[in-house]
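Computed from a predicted model, the values in this text were never measured in an experiment. In what follows, every chain begins at residue 1, and chains take the letters A, B, ... in the order their sequences are listed.
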Amino acid sequence: MIRLLRPFQNKSRLVLHRCEAPKTTATQATTIPVPWNTRLRELSKQGHYQQSLTVYRKMLRSGAAPNAFTFPFTLKSCAALSIPIIGTQLHSHVTKTGCLCEPFVLTALISMYAKCLLSEDAYKVFDENPLCKKLTVCYNALIAGYVQNSNLLNGVSLFREMRRMGVSVNAVTMVGLASGCTNPLHMSLGMSLHCLSLKSGFGNDLAAENCLLSMYVKCESIQLARKLFDDIPGKGLITWNAMISGYAQNGLGTHALDLYYEMESSGISPNAVTFVGVLSSCANLGARRIGQEVEQKISNLGLGFNLFLKNALINMHARCGNLARARAIFDEMHEKSLVSWTAIIGGYGMHGLGDIAVELFDEMIRTGILPDGPVFVTVLSACSHAGLTNKGLGYFAAMQRDYGVKPSIEHYSCVVDLLGRAGRLEDARKLIDSMPVEPDGAVWGALLGACKIHKNVDLAELAFHEVVKLEPTNIGYYVLLSNMYTEAENLSGVLRIRLMMRERKLKKDPGCSYIEFKGKIHLFVAGDRSHSQSDEIHSMLSKLQDLIKELDVTKKYNDEKSDRELSTGVGVHSERLAIAFALLNTEIGVDILVIKNLRMCGDCHLFIKMVSKIVDRQFVVRDATRFHHFRGGACSCNDYW
DNA sequence: CTAGGGTTAG
């Protein structure tokens, strides 16, 4: 035994950091490892990985010999901390102690290499130990390893091999593969795994069910996810969380909130993960009060320290118009991640406060945080909204040169937007021509949007031609060009677009507006009469209409058109219905109104401005791109008038 | 060996 432990004890001193002076004597060198293993298991369970490695060092120094019950825990720590250097050392300790014939040690080794992104080494362990090829757990570890290193193909071929060799497949095998189905292209594989799991009776395994549920979510097949969710008899916390965040990630905020309330009434207590999904939905919906209630609840439950939750709260407050609260949370954080910075920078960008967004970005760099792709998207968009064209171009040039972040298609579309809004349409077009990647719909769409602002019909036609090739069913582009033709009084153009839309069977995706009241989202589409207070809303609107006529001395507001819409009830703008609803129901204060799929038009802007003056009330409106503030008597936003 | 989480333009 003594002979066994000496050789690697010395080696370990070289790499396993600093060692305290050994307290043990030679006679203690034969100490049995049991108490050490118990301690290591405890630490591993509690997630104290760093400590468990320290204990392992102490164990070696004390002279206790590690055995097959030691290595799974230490290897797991290396995997969790991603320290391949110590992992490799442990591998040699395993070999020297003759533990390579233990299934648990082999799986831990394979998994350690995989989690350290060394799938080659993981495969070597598997390949060099004939025992592995007989064991389900080893196949599982290697399959999961490949999948985690985004090599789904290798995972699948190993899966085929194990079936060919007659190695039995279990629920863990299935989970390993299903967790790699991360986009719609993987859907058919995911569904055949679902079939396999039904046939093999893994249906009773909650982890397998949850994994399949999140597979459907990631494949953007939210209906199938819901169907599976409904069919799971013993839903656990993770099941609920997977479904709630599934709705949140797919932009179905109302569904997420409904399910959250259902979860609460069914007696399951939410945890931090639940609230992350709920807050993300509140952010997308602009559901300010629900968000505030959730924030209160988080602090009551003592979850306020969670970094994920703080970032979600920053995002929620910023997107619900409460930038001050978002900033306060951000400033109070003692540990800020790149995501925290991205959320707050995006918040300022959205509110048109590009100067502050840029200041924050520079401060982030000074703090020593390395920027990534998403934060550049955010800061470029902030520059674009605030008209900081040159600042934005500076960042675009610096991102690869100074930070090694390769511009992706999203960055190009931001810069096209940046140049386009500044009126530099030719530069934007040249940038598209010089892009190293094929432009996508968003890039041409950004150019098209810029053409609309600067009324350049010729270039718009070119951009439209390109964008429609790439996204033939995206209705927004047809509407955009059609509106440009209307503005330019080009009737034949309008008819041509309408014909195209009819031929392609595209129905107008109705924009909608909604407002949160008493914890519920009240949604309106144009001409909507389905709301229970519809009559009151319409009489409120005609009262407002009359008042506006008196106030609007310059006759900028098209009251004829609005009168016609009001009298027929056809086509009354959704935001007007929402505003009238707000006046009927909510107490005096700031209301946040969200407009989806639409950008606020001039008429709409003027209407809300007038109403906010008439009733001397603040409104915060968030449309497809940004915030608009209406502060009662004085309107701060002069974008249109 | 296995299941759920924050940020990303138009």
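- Against DNA chain B, the stretch residues 370-389 of chain A makes heavy-atom approaches under 4.0 Å through A/Pro374, A/Val377, A/Thr378, A/Ser381, A/His385.
- Contact between the side-chain N/O atoms of A/Asn315 and the OP1/OP2 oxygens of B/dT7 is found at a separation under 4.0 Å.
- Ring geometry, A/Tyr395 versus A/Phe361: the interplanar angle exceeds 60°, so the pair is classed perpendicular (tilted spans 30 to 60°).
- B/dG4 atom C1' lies 10 Å from atom CE of A/Met263, rounded to whole Å.
- Screening residues 272-284 of chain A for side-chain hydrogen bond (donor to acceptor under 3.5 Å, both in side chains) gives A/Asn241-A/Thr274, A/Asn271-A/Thr274 as the qualifying pairs, with residues at least two apart or on separate chains.
- Side-chain proximity of A/Lys115 to B/dG4, B/dA9, B/dT2: nearest is B/dT2.
- Nucleic acid contact for A/Gln249: sugar-phosphate only, since backbone atoms but no base atoms lie under 4.0 Å from a heavy atom of the residue.
- The nearest whole Å value for the distance from the NE2 atom in A/His411 to the P atom in B/dG10 is 13 Å.
- The side chain of A/Ala144 lies closest to B/dT2, out of B/dA9, B/dG4, B/dT2.
- Residue contacts shown for A/Ser214 are limited to sugar-phosphate atoms, with no base heavy atom under 4.0 Å away.
- At least one side-chain nitrogen or oxygen of A/Arg319 sits closer than 4.0 Å to the OP1 or OP2 atom of B/dT8.
- Between A/Lys310 atom NZ and B/dT7 atom C1' the separation is 17 Å, expressed in whole Å.
- Here A/Tyr49 pairs with nothing under the ring-ring contact (aromatic ring centres under 6.0 Å, His included) rule; sequence neighbours left out.
- A salt bridge is defined here as a Lys NZ or Arg NE, NH1 or NH2 lying under 4.0 Å from an Asp or Glu carboxylate O, and A/Lys336 with A/Asp331 fails to meet this definition.
- With B/dT7, B/dA3, B/dC1 as the candidates, the nucleotide lying closest to the side chain of A/Val172 is B/dC1.
- A/Thr239 comes within contact range of no nucleotide atom at all, as no heavy-atom separation falls under 4.0 Å.
- Ring centers of A/Phe229 and A/Trp240: under 6.0 Å apart, within the cut-off.
- When heavy atoms are screened at a 4.0 angstrom cut-off, A/Leu307 is found touching base atoms of the nucleic acid.
- If you check distances only, the side chain of A/Asn271 does reach the base of B/dG4 with a donor-acceptor pair under 3.5 Å.
- Aromatic ring centroids of A/Phe464 and A/Tyr478 lie under 6.0 Å apart.
- When the C1' atom of B/dT2 is taken as reference, atom CG of A/Leu142 falls 15 Å away, rounded to whole Å.
- Following rounding to the nearest Å, A/Leu213 (CG) and B/dT2 (C1') show an atom-to-atom distance of 15 Å.
- Residue contacts shown for A/Ala178 are absent, as no nucleic acid heavy atom lies under 4.0 Å away.
- Rounded to whole angstrom, the span from the CG atom of A/Leu135 across to the P atom of B/dT2 amounts to 16 Å.
- In terms of phosphate contacts, A/Arg626 brings no side-chain nitrogen or oxygen within less than 4.0 Å of OP1 or OP2 of B/dG10.
- A distance-only check finds a donor-acceptor pair linking the side chain of A/Asn129 to the backbone of A/Val125 [under 3.5 Å].
- The 12-atom threshold is exceeded at OH of A/Tyr403, counting heavy atoms of other residues, nucleotides or ligands nearer than 6.0 Å.
- Using a 4.0 Å heavy-atom criterion, one finds that A/Ile344 contacts no nucleic acid atom at all.
- Rounded to whole Å, atom P of B/dC1 lies 15 Å from atom OH of A/Tyr113.
- Using a 4.0 Å cut-off between charged nitrogen and carboxylate oxygen, A/Lys310 and A/Glu335 do not count as a salt-bridge pair.
- When distances run from any side-chain atom of A/Ile238 to the nucleotides B/dA3, B/dG5, B/dT7, the shortest one goes to B/dA3.
- Protein atom CG of A/Asn306 is 13 Å distant from nucleotide atom P of B/dT7, rounded to whole Å.
- In terms of phosphate contacts, A/Thr342 brings no side-chain nitrogen or oxygen within less than 4.0 Å of OP1 or OP2 of B/dT8.
- Note on A/Ala442: a base of the nucleic acid sits closer than 4.0 angstrom, heavy atoms only.
- Phosphate contact (OP1/OP2 of B/dC1, side-chain N/O of A/Gln148, threshold under 4.0 Å): absent.
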